[in-house]
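Remember, it's 1-based here, ligands and their atoms both numbered in the order they're listed. Each residue takes its place number in the sequence, starting with 1. Both backbone and side-chain heavy atoms feed into the values below; hydrogens, waters and symmetry mates do not.
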Amino acid sequence: MATSRQIIAGNLESVRSRMADACRRSTRDASSVRLVAVTKAVGGDEAKSLVELGALDLGENRVPDGIAKMDALDDESVRWHMIGHLQRRKVRHAVGRFAMLHSVDSVRLLDEIEKRSAAAGVVTDILAEVNVSAEEAKYGLQPGEAPSFCEAAARCDNVRLSGLMTMAPFVDDPEDARHVFSALRELLEGLNGQSACSQKLSELSMGMTNDFEVAIEEGATIVRIGTALYC
Ligand SMILES: *Cc1c(COP(=O)(O)O)cnc(C)c1O
């Protein structure tokens, strides 16, 4: 059964206020963190409720599901984020439809996005997914591969690399994920210092239901939250 708009409204308000509290604790401006409301586990009704409630950044982890929902919702004001593992053969469907691809984790995939974006006459915003917790995550660049990935992205005319994304391992105590988030921030600062990238990286997409407050304290500019909005 669909989660009612009323329940989503209460949850959204609570998530937003927890985000604001985390910003206050870390002396950050509340406007410096964007919420991507993840709709992968819910249907079109919940997505519609979110949009009516002003959550205009929506996240999906599979390209066909995302496209089905964006077609059903048919609302130009929504920015769709592709947050899950992206397969090369799905790139041509994703380009031009998603506002941002969060999970680009190889130069091969980058090249495909460049090729398809050029063909479509668009510039695609991407993030590089980095596996900073080595053994745990399935996908992502190794931190040591990030500089050469940035250099490859700098050569692309139709791709704009605007930051980094990571998935922290699932832990009971979100404090145990803090080092993952700080490592991603330090990697971004290091890349900006090396000027491997054509433009300064500004986005850090990190933090989910279980750990978003810690991620904000460590510098997240985008949090991706699903579960907390629907329960
Ligand atoms: C599902 C998902 C999320 C949201 O997770 P919740 O724990 O439901 O908040 C965030 N990021 C990615 C990549 C996901 O697949």
Side-chain angles (χ1 to χ4, degrees), residues 2-3 7-19 21-22 33-47 49-50 53 55-70 78-87 90-91 94 98-106 109 125-133 136-141 162-178 180-181 183-185 203-231:
T3 307
I7 287 174
I8 293 175
N11 290 343
L12 188 62
E13 194 177 303
S14 143
V15 164
R16 287 204 191 284
S17 99
R18 286 169 63 191
M19 287 173 64
D21 286 345
V33 188
R34 214 172 354 149
L35 168 67
V36 169
V38 177
T39 51
K40 70 180 179 204
V42 296
D45 290 347
E46 286 88 343
S49 296
L50 284 162
L53 293 161
L56 297 180
D57 287 276
L58 301 184
E60 281 285 323
N61 70 335
R62 296 185 65 246
V63 172
D65 295 352
I67 287 177
K69 281 194 188 112
M70 59 183 89
V78 179
R79 293 173 295 271
W80 289 89
H81 297 252
M82 172 57 196
I83 61 172
H85 182 65
L86 179 59
Q87 294 169 299
K90 296 285 168 60
V91 166
F98 288 89
M100 183 176 269
L101 309 178
H102 286 230
S103 41
V104 184
D105 63 355
S106 73
L109 184 58
D125 273 306
I126 70 160
L127 303 177
E129 180 172 1
V130 183
N131 180 358
V132 280
S133 58
E136 310 267 0
K138 271 211 301 230
Y139 301 111
L141 296 164
S162 52
L164 307 178
M165 176 268 206
T166 201
M167 298 259 293
F170 186 85
V171 286
D172 287 331
D173 180 357
E175 281 300 328
D176 294 336
R178 187 179 290 276
V180 171
F181 301 134
L184 195 72
R185 186 196 62 233
E203 302 286 358
L204 284 170
S205 169
M206 55 189 198
M208 308 176 17
T209 290
N210 197 46
D211 54 20
F212 70 91
E213 288 149 304
V214 172
I216 290 172
E217 288 166 15
E218 294 300 330
T221 62
I222 300 174
V223 291
R224 311 176 307 264
I225 297 177
T227 310
L229 297 172
Y230 313 112
C231 294

Smallest separation among heavy atoms of I7 and C231, with atom names | CG2-O, 4.4 Å

With a cut-off of 3.5 Å and sequence neighbours excluded, list every side-chain donor-acceptor pair involving residues 34-44.
unit_1	atom_1	unit_2	atom_2	d
R34	NH1	D57	OD1	3.3
T39	OG1	G59	O	3.3
T39	OG1	E60	OE2	2.6

Quick one: do E175 and R178 make a salt bridge, cutoff under 4.0 Å?
-> yes

Could you state the interatomic distance from CE (M19) to CD1 (I225), rounded to the nearest 0.5 Å?
-> 6.0 Å

Check ligand 1 against the protein and report each N/O to N/O distance under 3.5 Å, formatted as atom name, atom name, distance.
unit_1	atom_1	unit_2	atom_2	d
ligand 1	8 (O)	T227	N	2.9
ligand 1	8 (O)	T227	OG1	2.5
ligand 1	9 (O)	T209	N	3.0
ligand 1	9 (O)	T209	OG1	2.5
ligand 1	9 (O)	G226	N	2.8
ligand 1	11 (N)	R224	NE	2.9
ligand 1	15 (O)	K40	NZ	2.7

Can you tell if the side chain of D125 reaches within under 4.5 Å of the side chain of E203, non-hydrogen atoms only?
-> no

Find out whether S205 and R224 are in side-chain contact, i.e. whether some heavy atom of one side chain is under 4.5 Å from a heavy atom of the other.
-> yes

